[in-house]
Amino acid sequence: MTAKFKANSETSLSPDYCPLELEQEIREFWEKHRTHQRLSQLREKNNLGVLGYVEGPPTLNGIPHVGHSRGRVMKDLRYRWKTMQGYFIPFWAGWDCQGLPVELEVERLLGVKNKRELLERVGEERFIEECKKAIVKYHKEWVEVDKRLGVSIDQEKAYWTYFDDYIEREWQYLKRAWGQGLLEEGHYVVAYCPGCQTSLSSAEVGYADSYREVEDPSLYFKFKVAESQNEYFLIWTTMPFTVATDTMLAVNPEATYAKVKVGGEKWIMVEQRVASVMAELEVSDYEVLETVKGARLEGTKYDYPLKDLVPRLAELEREHPLVHSVICEDFVDVTTATGVVHLSPGNGEEDFFVALKRKVPIFAPFDDEVKFTSEAGAFNGMFARDADEKVVEELRKRGSLVEVKTVRHEYPTCWRSHHKLVWLARKEYFLRTDKLNAKTLEAAEKVTYFYENPKNRFLSFLKEGKPWCISRERVWGTPLPVWKCEKCQAKTIVATKKELLEKAVEKPAGHFELHKPWVDRVTLRCEQCGGVMRRENFVLDTWHNSGASPYARFTDEQYRKYVPVDFLTEAIDQTRGWANSLLLQHVILTGKAESPYRAFLFQGLALDAKGRKMSKSLGNIVESKKLLEKVSADVCRFYFLKKCSPIDAFHFDAQELSRRPYQVLSTLYHLSRFLLQNSEFDKFDPQKHTLEQAEKKRQLKPADRWLLSKLQETIVEYTAKLESCEFNFALGVLEDFVIETLSRLYVPMVRKELWTDDPETLERRLAVYATLYYALKEVTLLFNPVTPFLSEALYQKIFKKLDPAAKDSVNFEEWPKPNAKMRNKTLEEEFATLFKCVSLVYAARQNAKLKRRWPLSRTIVVASENVENALKTAEDVFLEMTNVKNVEYCREVPREVSSEEWVQASEEGTHVFLLAKRDDKLLGEGLMRDVARRVQALRKELGYMPTDVLKAVLVAEAEKQDVELLQPYLKAMEELVRAKEVRVCKSRREAEAEWHEFQIDDKKIYIAIL
RNA sequence: GGGCCGGUAGCUCAGCUUGGCUGGAGCGUUCGGCUGAUAACCGAAAGGUCGAGAGUUCAAAUCUCUCCCGGCCCA
């Protein structure tokens, strides 16, 4: 009887892997020892190099969900990994605090319907206080989840985008833009909700349920070709009021247009739509007189019929030659309506850019409430959409109306009030980033994106190169630091608090901060005319706010050290968001074709299990906090990274967590426990019993060398996959090593050798421990960026326990480096061949219904010399795995195997023959193992620990000949089932015991444990 | 409406760049086996019109075109 495991070896690792408890313990360990702070300090002083980092700040208008958490895990992975490699990274948190999303959240909390009500009922000052309160609330949630997830970002060094010092540094970007003539006032078309009386961001327009089916007029009308008798352009619109701001017509240059004779008139429209439109207008008597390419129509002037009502349009016609003429644009859709589109640059974004491109003046005669101004002549004072009827009437009076009906169609509405939105040009401030396009693109080209798709997506977006409208008519944001003279309209920019207070006409009394309403109260004296200068009443786009972080979150010295930063990762929706604003602002700030980041990984979005976007209305948002209360952070982290490529959409399914990810981590846990239990018993000391020692004492066997070689391969490939951000493949490599190489192959190969306390084989056992210790420790380190809790737990409770000289935390360890001397590809191939032959033996056994636990006497392998050599490298392993006593090799199939006593299996020129016939010895040993197996099952069922030693095992009512077969192997069975005695009884009546019935190949036997 | 991405076993995903044997893995199911580190593991079976159609080719999951469906972004 082996003395091994005599008592339950006291390990601090529970027999089951209970990650939730383990992680809580490790969290407290890190906090108590201030592990992350100490690590950061250490690396700052002593490093291989500095890798800059700036946190992409989450907006504090909600709580984190799995999509956020996945992103944060990728950031943390990179930090932990590069830090282990010896780099210093300023992995400091940051929070996006301002902007519309936060305002809307606070409006909701305050129960306010719109901006006007907000200002009247709540007022700016209190509103700002409420915004700050909301931020603090959500900040707590984020920090809590980071902690639970093991995101080691430094919360104490976080930046907040609303702090005065941050805003002052953000203003430096604008000052630089101002100096380069890139900051301009101009018009921009925005979506406006007449109900809420506020403009909407494009994000709001895009909200899931903002598109609704609505009823609109369907108006066909005609504009007469100038100086023609009876030629007209036929036009369709659902927004008649825009005819009051009509500036141009557009046709598609490639399409064919027809002149259609209807009554005494010729109507011009796209040829392919003639039949359908005529049918719709119920005109049956018509004829296509001639056709002409769209391009030929360019420059045609037309008579705008409402000139008398809107005199300003008549003036514009004289000021610019293109007003009220036809232009060509590819975007004109010739598959709907008439293929002739009327353009109102004051009321449509596309129209607006068409006009801007041709320097056609923007006619936008609307006030803040979207009522026509006096510039609109007869429409003065009328709300835009209410002018629909009047326009129709006036067209009718002038003979320009063809037909008016109603139409139901999908149209964007306000997500809050569901009023139909209108688009109109308003006065805004722009960064003329279109002028920097070449530089921006050059900078972006130099960035590493890891994958082609997101790269192309980003670059093609940048190529659009539109000016950036940075002004917002909101409250909670960085104030635009431009003051304008009431008298002479002169403008000035003030970009620091100090400068502002110095120049102020009157110093502000009491509290002062760089927000509305305090900054608005500061007036300046105009240097040109001495008039009063007031601040332009805008705040900045929140993307400008967060895009300023590389400069604004650091000091000058830090900025020089850390920017451009090494690596960033955010979700793919940041293509147009942060990735873009960072780039544009950096180019403005530096004047160089340089990106503020050297690499950017765009992650796919997180969707629910069915592939739907997570949204409040669907109620399918998985909140990280709730998830992590029930599920291990390590398991989540592993799942986030392993499930799919980081750029793929991530279909989160909680049920998948407990499957493969759990199994892999659990296996690593148990492998480590296995090492600890065994090695502690033999007083293994990693300082003394090293691999070098084992080598010297010639105790390393091919199986060990094979494992060590596979480990080197794993280190190389895993690190390479991390480097290329193929986290899913990286973890595939790691998983394979743990499950296949270690758990399925190596441990079974050495288990028997460890299953003894024979002092003569102690050196061999120590060599196996050294091998396992090294391999498992390296694996634990490789896992650390992914499963930091498990790695730390194993490190503290196994590696540090066995080797007190180990570091204070796994995080202080160095990243494993491959050892080329341990790599042996030939050996790896030989073992691959060996394993293939083993599975051939299994296949042959299965054919002959020979259980694996039944020993057999002979196997003959008919194969090439290579295969023979491969098997001979580790013949003992082959025999052990196949449970065969002897193996022979042949090149040709020997005659003897043709007898029915042999069974076989073949693959790729390798044939394996097994002697199926068994003598009494083999039968007895096989039977013993059959019985032993039942005993083991019973032990487990009755709740015995593996280490418990049984008083006696009783076997009863076996057939007489079986008892005889069994008799010589009872001693061996005692060892196997860990019992002081194994006794065979004739009848159950011989002993007072709880008997359990078992079946062995149709025969009943009874087993009892005492 | 435009751009991009995806559609491969019941589920989750590889394979596609550079066409080539019988299209893979994991999970799940069924049957059998193995097992005291493991919630593991091994073998077999069932399960695929590789979204549809056409083209190129001796040969297409892979290349080209068209269409359908889903997702994201933009309008």
Within this structure, what is the CH2-to-P distance between W578(A) and rC73(B), rounded to whole angstrom? 20 Å
Take atom CG of L914(A) and atom P of rG43(B), then tell me their distance rounded to the nearest Å. 16 Å
Expressed as a whole number of Å, how far does the P atom of rA60(B) sit from that of rU35(B)? 48 Å
Euclidean distance for P, rG36(B) against rA46(B) (whole angstrom): 32 Å
Short side-chain to backbone donor-acceptor contact, S344(A) and N347(A), under 3.5 Å: no
Would you measure the distance from the C1' atom in rG23(B) across to the matching atom in rG48(B) and give it in whole Å? 9 Å
Separation of rC34(B) P from D930(A) CG (nearest whole Å): 7 Å
Does S743(A) contact rA37(B) through a side-chain donor or acceptor facing the base, at a distance under 3.5 Å? yes
Value rounded to 0.5 Å, distance of CZ in F600(A) from CZ in F458(A): 7.5 Å
Given the C1' atoms of rC21(B) and rU30(B), what is the spacing between them in whole Å? 30 Å
Checking base pairs now: Watson-Crick or wobble, both atom distances under 3.5 Å. What partners rG23(B)? none
So which one's nearest nucleotide on RNA chain B is more toward 5', I739(A) or F650(A)? F650(A)
Of I572(A) and Y662(A), the one whose closest nucleotide on RNA chain B sits nearer the 5' end is Y662(A)
Can you tell me the distance, in whole Å, between the CZ atom of F602(A) and the P atom of rG71(B)? 23 Å
Atom NZ of K643(A) to atom P of rA25(B): distance rounded to whole Å? 19 Å
When we call it a touch if two heavy atoms are under 4.0 Å apart, what does E740(A) touch: a base, just sugar-phosphate, or nothing? sugar-phosphate
Separation of rA39(B) atom P from F674(A) atom CZ, nearest Å, is 15 Å
Paired nucleotide for rA37(B) [Watson-Crick or G-U wobble; both distances under 3.5 Å]: none
Determine, step by step, whether Y188(A) and L356(A) satisfy the side-chain contact (heavy atoms from CB on, under 4.5 Å) criterion, reporting the C-alpha distance in whole Å, the side-chain angles of both residues, the deciding distance to 0.1 Å, and the verdict. CA-CA 10 Å; Y188(A) 197 77; L356(A) 206 64; over 6 Å; no
Can you tell me the distance, in whole Å, between the CZ atom of R673(A) and the C1' atom of rA39(B)? 14 Å
Please report the distance separating the P of rG28(B) from the corresponding atom of rA75(B), rounded so that it comes out in whole Å. 46 Å
Could you tell me whether the phosphate oxygens of rA40(B), OP1 or OP2, come under 4.0 Å of any side-chain nitrogen or oxygen in Q663(A)? yes
Strictly by Watson-Crick or wobble contacts shorter than 3.5 Å, is anything paired with rG55(B), and which nucleotide is it? rC63(B)
Which is true for F461(A) with a 4.0 Å heavy-atom rule: it touches a base, it touches only sugar-phosphate, or it touches nothing? nothing
Is any side-chain N or O of R744(A) closer than 4.0 Å to OP1 or OP2 of rA40(B)? no
Rounding to 0.5 Å, atoms OH (Y669(A)) and CG (L22(A)) come to a distance of 6.0 Å
Describe the nucleic acid contact of R576(A) in one word from base, sugar-phosphate, nothing, applying a heavy-atom distance below 4.0 Å. sugar-phosphate
Using atom C1' of each nucleotide, how far apart are rG43(B) and rU56(B) to the nearest Å? 43 Å
If rU18(B) has a Watson-Crick or G-U wobble mate with both distances under 3.5 Å, name it; if not, just say none. none
Between rG10(B) and rA54(B), how many Å separate the two P atoms, rounded to a whole number? 24 Å
Taking the six-membered ring for Trp, are F650(A) and Y639(A) ring centroids under 6.0 Å apart? yes
Would you say R457(A) places a side-chain N or O within less than 4.0 Å of OP1 or OP2 belonging to rC5(B)? no
Taking the six-membered ring for Trp, is the centroid-to-centroid distance between F727(A) and F640(A) below 6.0 Å? no
Gap in Å between the two C1' atoms, one belonging to rG19(B) and one to rG55(B), rounded: 15 Å
Could you let me know what rG43(B) is paired to, Watson-Crick or G-U wobble, both distances under 3.5 Å, or none if it's on its own? rC31(B)
L605(A) CG to rC4(B) P, in whole Å, measures 19 Å
Thinking salt bridges, do E329(A) and K357(A) make one under a 4.0 Å N-O criterion? yes
Nucleotide paired to rG1(B) in any strand shown, Watson-Crick or G-U, under 3.5 Å: rC74(B)
Testing rC73(B), rG15(B), rA37(B) for proximity to the side chain of F729(A), the answer is rG15(B)
What's the closest nucleotide to the T667(A) side chain, out of rA40(B), rC42(B), rU35(B)? rA40(B)
